[in-house]
Amino acid sequence: MASARPFRTAFNRIVPFLLAGRMLTLTSSASLGVLLQLQGVDTAYAADHAVVAAQPLNDTDFLAATNAARVAAGIAPLRLDVQLEHAAMAKAIDMKEFGYWDHFRPSDHKAPWDFIDEAGYTYRVAGENLARGFHSVQAITTAWLNSPAHRANLLSPKYTDVGFADIEGTDENGNPALFTVQMFASR
């Protein structure tokens, strides 16, 4: 396991700046719109996929939306975990810096679990959801719930903790896009 010190140093330098200013992944709402229309979901929120959130999305809102879905399904709510928050942010930054959009870094196949390990969270089970191009907590959560693989993660009773991160990056066409990472785990 790599030392957490370099990660914390980078995290402490990058996060204040940000705040100032193979699993299925969800990408821009333009490509997801067809899937959602086939499933009968209102895609009005996805109409302007070039819009990026003016500021990072609120983790408390993500937690509330996630837990509302879990409770409605009869599943225990998740706890927000600071180590998973760090892992999620490290993954978001990594995707932006290395220019990829995947659960595994293409150059060396670094896995989501590696980010969780590096953040110091010792897990028994772990999972990850990604979204790109959405600009609201509700739009992202709705899209995840309408995707079987993402829904399975979000509603899995095996997870007890969660962390969220979002960072402005670019899509495959170089347009601004919000990258959102949701990390799940249990000790």
Quick check for you: to the nearest 0.5 Å, what is the distance between [X] atom [atom1] and [Y] atom [atom2]?
X	Y	atom1	atom2	value
Trp144	Leu155	CH2	CG	12.5 Å
Leu178	Thr170	CG	OG1	12.0 Å
Leu80	Leu63	CG	CG	5.5 Å
Arg132	Ile167	CZ	CD1	13.5 Å
Tyr123	Phe184	OH	CZ	15.5 Å
Lys91	Trp113	NZ	CH2	8.5 Å

Q | Pairs flagged by side chain to side chain donor-acceptor pair (under 3.5 Å) wherever residues 61-77 is involved - sequence neighbours left out | A | Thr66-Gln182
Just by distance, do the side chain of [X] and the backbone of [Y] share a donor-acceptor pair under 3.5 Å?
X	Y	result
Glu128	Met183	no
Thr142	Gln138	yes
Ser186	Arg124	no

Q.
With a 4.5 Å cut-off on side-chain heavy-atom distances among I, L, V, M, F, W and Y, is there a chain of contacts connecting Phe98 to Met95?
A.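 Same cluster.
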Q) Are Leu154 and Val71 linked, directly or through other ILVMFWY residues, by side chains that come within less than 4.5 angstrom of each other? A)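 No, separate clusters.
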Q.
Give me the atom names and distance for the closest heavy-atom approach of Phe104 to Ala111.
A. CE2-CB, 3.3 Å
(Q) Regarding Asp94 and Lys110, does a basic nitrogen lie under 4.0 Å from an acidic carboxylate oxygen? (A)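 Result for this pair is no, no salt bridge flagged.
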Q: Evaluate the side chain to side chain contact (heavy atoms under 4.5 Å, CB included) criterion for residues Val137 and Phe164: first the C-alpha distance (whole Å), next the side-chain angles of each, then the deciding distance (0.1 Å), finally the verdict.
A: CA-CA 11 Å; Val137 169; Phe164 305 94; over 6 Å; no
Holding to salt bridge (Lys or Arg N to Asp or Glu O under 4.0 Å), I want the full list of residues that pass it with [X], two or more places apart in sequence or in another chain.
X	result
Asp114	none
Lys158	none
Arg151	none
Arg187	Asp81

Q.
Using side-chain heavy atoms (C-beta onward) and a distance below 4.5 Å, is Leu130 in contact with Phe179?
A. no
Q) Does any non-hydrogen side-chain atom of Val181 lie less than 4.5 Å from one of Phe115? A) no
Q.
Listing request: all ring-ring contact (aromatic ring centres under 6.0 Å, His included) pairs with a residue in residues 64-84, at least two apart in sequence or in separate chains.
A.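 Qualifying pairs: none.
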